[in-house]
Amino acid sequence: MSPAVSRGAARPLASQGAHPALPVRHRRLTVLSGPSGVGKSTVVAHLRTVHPDVWLSVSATTRKPRPGERDGVQYFFVDDDEFDKLIANGDLLEWAAFAGHRYGTPRKPVLDKLAAGEPVLLEIDLQGARLVRKSMPEAHLVFLAPPSWDELVRRLTGRGTESAEVIEERLAAARVELDAESEFDATLVNTSVEDVARELLALMEIA
Ligand code: ADP
Ligand code: 5GP
């Protein structure tokens, strides 16, 4: 991938974030997507140190916890049968298969927060973002892009949490995700975690 500028990353934030057709009260649901390894979790974790009150949906997944991940914090770690039940009971707002595992957003907490007028942040993959777009067209979709393809590979590899085979699988998915950037309402390039967290808060109209 060529440098950020050639892929439109230099577009001014104000025009990317603007969504004039929607009144502010309907912009409470923000979906953050982007290729694996781009830094979504890092940005969200930083954002929540600055603004601990920002509510982030905790997804269910059939993937095994990475070192340091705790059940109910980063994810609800479930087995295949439990995930099947969540689907069958209609408990998921959306779900998708990604790199050999399933991931889904618990429906009720999201709807409860939105009903209470609170901002909601989902960190989900492209397929999930598309499903949310369909079921909740007022959602604001934000794409987190890497500064370059090589940097994405470096981050994904450098994280050291996946085997070479899984990294290849995630990079194949990343190519598809990067091609879908134009479907999103805004793009943020993750050069600096602090800057992106600040820009994301601005898009969420929190700061
Ligand atoms: P994702 O949640 O998108 O899969 P992570 O948040 O796990 O990605 O980040 C992948 C790796 O990239 C981690 O090792 C993280 O520390 C690193 N990283 C994240 N953002 C940046 C950044 N702006 N500059 C350099 N490294 C970063
Ligand atoms: P990871 O295994 O790296 O934590 O996540 C892999 C991918 O699954 C990431 O792109 C992440 O955003 C996505 N993901 C996490 N939770 C959900 C979810 O509830 N739904 C969907 N569709 N994707 C999710």
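Counting starts at 1 for both ligands and their atoms, following the listed order.
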Under a 4.5 Å side-chain heavy-atom rule over Ile, Leu, Val, Met, Phe, Trp and Tyr, are Ile167 and Tyr103 clustered together? no
Under 4.0 Å from one or more heavy atoms of Arg66, ligand 2 contributes atoms 1 (P), 2 (O), 3 (O), 4 (O)
Nearest non-hydrogen partners of Phe98 and Ala173, listed with the distance: CE1-CB, 3.8 Å
Nearest-contact summary for atom 2 (O) of ligand 1 - protein heavy atom, Å: Ser41 OG, 2.7 Å
Can you tell me which residue and heavy atom of the protein come closest to atom 12 (O) of ligand 2, and the distance to 0.1 Å? Glu123 OE2, 3.0 Å
With heavy-atom distances below 4.0 Å as the criterion, list the atoms of ligand 1 near Val193. 20 (N), 21 (C), 22 (C), 23 (N)
Among non-hydrogen protein atoms, atom 20 (N) of ligand 1 lies closest to Asn190 ND2, 3.1 Å
Starting from atom 15 (C) of ligand 2, locate the nearest protein heavy atom and write down its residue, its atom name and how far away it is, to 0.1 Å. Tyr75 OH, 3.2 Å
Of all the heavy-atom pairs spanning Ser33 and Ile124, show the shortest one and how long it is. OG-O, 2.6 Å
Atom 20 (N) of ligand 2 has as its nearest protein heavy atom Glu94 OE2, 2.7 Å
If we ignore angles and hydrogens, is there a donor and acceptor under 3.5 Å between the side chains of Arg63 and Thr61? no
What do you reckon, does Gln74 put a non-hydrogen atom under 4.0 Å from ligand 2? no
Can you see which heavy atom on Leu144 is nearest to which on Gly39, and at what distance? CD2-C, 3.8 Å
State, to 0.1 Å, how close Gly34 and Phe143 come at their nearest heavy-atom pair, and which atoms those are. CA-CE1, 4.0 Å
Of all protein heavy atoms, the one nearest atom 18 (N) of ligand 1 is Arg155 CD, 3.9 Å
Quick test: of every protein heavy atom, which one is nearest to atom 15 (C) of ligand 1, and how far off is it to 0.1 Å? Thr42 OG1, 3.6 Å
Residue Ala96 vicinity, atoms of ligand 2 by number, heavy atom under 4.0 Å: 22 (N)
When distances are taken from atom 7 (O) of ligand 1, the protein heavy atom at minimum range is Arg159 NH1, 2.8 Å
Nearest heavy-atom pair of Glu123 and Ser41: which atoms, and what distance? OE1-OG, 3.4 Å
I need the nearest protein heavy-atom contact for atom 19 (O) of ligand 2: residue, atom name and distance, please. Ser59 OG, 2.7 Å
shortest atom 8 (O) of ligand 1-to-protein heavy-atom contact is with Gly39 N, 3.1 Å
Option from Leu200, Ile206, Leu122, Val120 for which side-chain contact (heavy atoms from CB on, under 4.5 Å) with Thr30 holds: Leu200
Do Trp55 and Phe76 sit in the same hydrophobic cluster, where Ile, Leu, Val, Met, Phe, Trp and Tyr count as joined when their side-chain heavy atoms come under 4.5 Å apart? no
Applying a 4.0 Å heavy-atom criterion (strictly less than), which segment of Leu156 is in contact with ligand 1: side chain, backbone, both, or neither? neither
Which of the listed options, Arg102, Glu177, Arg63, Arg170, holds the heavy atom that is closest to atom 3 (O) of ligand 2? Arg170
Can you tell me which residue and heavy atom of the protein come closest to atom 23 (N) of ligand 2, and the distance to 0.1 Å? Asp125 N, 3.0 Å
I'd like to check the salt bridge (Lys or Arg N to Asp or Glu O under 4.0 Å) partners of Arg154; sequence neighbours left out, ordered by chain and number. Glu151
Could you walk me through whether Val166 and Arg170 satisfy the side chain to side chain contact (heavy atoms under 4.5 Å, CB included) test, starting with their C-alpha distance in whole Å, then the side-chain angles of each, then the deciding distance to 0.1 Å, before giving a yes or no? CA-CA 6 Å; Val166 172; Arg170 285 175 178 245; 3.7 Å; yes
Backbone or side-chain N or O of Gln127 under 3.5 Å from ligand 2 N or O: no
Test item: Ser59 and Trp95 side chains (from C-beta on) under 4.5 Å apart, heavy atoms: no
Any nitrogen or oxygen of Gly104 lying under 3.5 Å from a nitrogen or oxygen in ligand 2? Just yes or no. yes
Contacting atoms of ligand 2, where contact means under 4.0 angstrom from a heavy atom of Gly128: 22 (N)
Linked, directly or transitively: Leu93 and Tyr75 (ILVMFWY side chains, under 4.5 Å): no
Select the closest option to atom 8 (O) of ligand 2 among Trp95, Phe76, Tyr103, judged by heavy-atom distance. Tyr103
Is Lys40 touching ligand 2 with its side chain, its backbone, both, or neither, if touching means heavy atoms under 4.0 Å apart? side chain
Taking atom 10 (C) of ligand 1 as the reference point, the nearest protein heavy atom with its distance: Gly37 O, 3.4 Å
Using a 4.0 Å cutoff against the non-hydrogen atoms of Pro35, which atoms of ligand 1 qualify? 3 (O)
Determine the minimum heavy-atom distance between Leu92 and Arg107, stating which atoms define it. O-NH2, 3.0 Å
Quick check on contacts: which atoms of ligand 1 are under 4.0 angstrom from a heavy atom of Lys40? 1 (P), 2 (O), 3 (O), 4 (O), 6 (O), 8 (O)
Is it true that Val110 and Leu56 fall in one hydrophobic cluster, defined by side-chain heavy atoms closer than 4.5 Å? yes
